[in-house]
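Here's the structure we're looking at; comments come further down.
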Number of protein chains: 2
Amino acid sequence: MASKTKERIILESLDLFNAQGERNVSTNHIAAHLNMSPGNLYYHFRNKSDIIYQIFKNYELMVDTYLRVPEGRKIKVEDLLSYLDAVFNGLWAYRFLHRDLEHLLDNDDKLREDYRAFTLRCVRGVMSIIEALELSEIFSRQTEQQRQSKALNVWLIVTNWMTFLKTMHGTQEDRESNPKAIQHGVYQVLDFIVPHLREPEQAELAKLQEGYCFDEVLPGV
Amino acid sequence: MASKTKERIILESLDLFNAQGERNVSTNHIAAHLNMSPGNLYYHFRNKSDIIYQIFKNYELMVDTYLRVPEGRKIKVEDLLSYLDAVFNGLWAYRFLHRDLEHLLDNDDKLREDYRAFTLRCVRGVMSIIEALELSEIFSRQTEQQRQSKALNVWLIVTNWMTFLKTMHGTQEDRESNPKAIQHGVYQVLDFIVPHLREPEQAELAKLQEGYCFDEVLPGV
């Protein structure tokens, strides 16, 4: 269990990284924001990489917790939207991590190794969810290979979403429209998923999909 | 038209960057490999970023050339495979660029700006190809919004493919299995496209899709 001070450092760092970009925030900034001496911060974390690693572990724990098939009941079509909301809310809450992931992975071998294992767990998690949806007769029946390639495509779309938005809308942090732009990611995943649903769920979700549409995602297209 | 020496520098740099990773290759390495003085190299390029930028412009020109609807004839289902082969062969030929794209964009504002315009052109290009496939009654009829979200998903899958392979199979450059792993990207895009094709093209492409499958893409899943 992390100490209360450690927890405060993690939360403040996450806020600062999200608001200003990780590269623009030093451990001295973080300490100053917490009215804490740098020495006290270094008592809890060796360096900034150590803080980033702990933030990733929190993110990972969150995803590992929600990316599960419901226990003791059948999976429903509403669950699919709950997963997607959780995924894209998570991207937003930990946006500095996803805006700059390759840079962070390049600087920390342990983080890269954990991220690799995390990727495999997530793809397996999505495969289990698809299989549960098949058993509930919501998703059309898939072979193991089809299930795998679908889970992998979901992973590719989700994990490229922040990078795409960065390309499209600049590196400027925390603009007003960002939460809407991120939500459009749900639209994109549904665009991929909906054709594989059976009726009446297909029509139902196609309708709900519209609520996630953000017109300015591709300016001028 | 680039001079012959300039062209040699570009080609040699591309080879070295692909084989050893851009970060491990200096302008001095490049000059030495060409039996050229560093001064002569600097006569043609101000610095390494300048070489990288020129390599990107070559890549861009290649993509802009093939990502077009055929002129003077109807588009055929075989064209779809030609496009995908070209896309993933291009990822392979310019692999250093795609393995480390965010890092390169972070270091060169002009490259980032060009890449943004390139992204928009590519999404528009894929939309035109989808529309042509609709007119040839190969692809099911789409609204403008549906065509856009499909083109964007293709872009997200393709441009995340090298990053995914880097996560999965390590940063080690040029392993034997790499070309096969990259080709599996065609499989992933087809997995997304095939459900929207009409019969008999759907069955035809589903069969051809198998030829692009690489089993080891997700080790242990």
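Labels below follow one simple rule: chain letters A, B, ... track the order of the sequence lines, proteins then strands, and each chain is numbered from 1.
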Which of [range] have a heavy atom under 4.5 Å from any heavy atom of chain B?
range	answer
residues 46-71 of chain A	none
residues 113-120 of chain A	Y115(A), R116(A), T119(A), L120(A)
residues 129-138 of chain A	none

Next on the checklist: Is the shortest side-chain heavy-atom distance between R99(B) and E102(A) below 4.5 Å?
Outcome noted: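 SC-SC contact between R99(B) and E102(A) ruled out.
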Next on the checklist: Using a 3.5 Å distance criterion without hydrogens, assess whether the side chain of Q188(B) forms a donor-acceptor pair with backbone atoms of S149(A).
Outcome noted: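 It does hold such a pair.
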Next on the checklist: Which one wins on heavy-atom pair count under 4.5 Å against chain A: T159(B), D215(B), L105(B), V221(B)?
Outcome noted: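 Option with the top pair count is V221(B).
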Item to check | Top contributor to chain A contacts, counting heavy-atom pairs under 4.5 Å, from T167(B), V217(B), I157(B), N153(B) | outcome: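 With the most close heavy-atom pairs to chain A, the winner is N153(B).
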Residue among [options] with most heavy-atom pairs under 4.5 Å to chain B:
options	answer
R23(A), M127(A), R121(A)	R23(A)
N160(A), V123(A), V189(A), L156(A)	N160(A)
H184(A), Q146(A), R124(A)	R124(A)

Next on the checklist: Give the interface residues of residues 190-202 of chain B toward chain A, defined by a heavy-atom separation under 4.5 Å.
Outcome noted: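 At a heavy-atom separation under 4.5 Å, chain A is reached by D191(B), F192(B), P195(B), H196(B).
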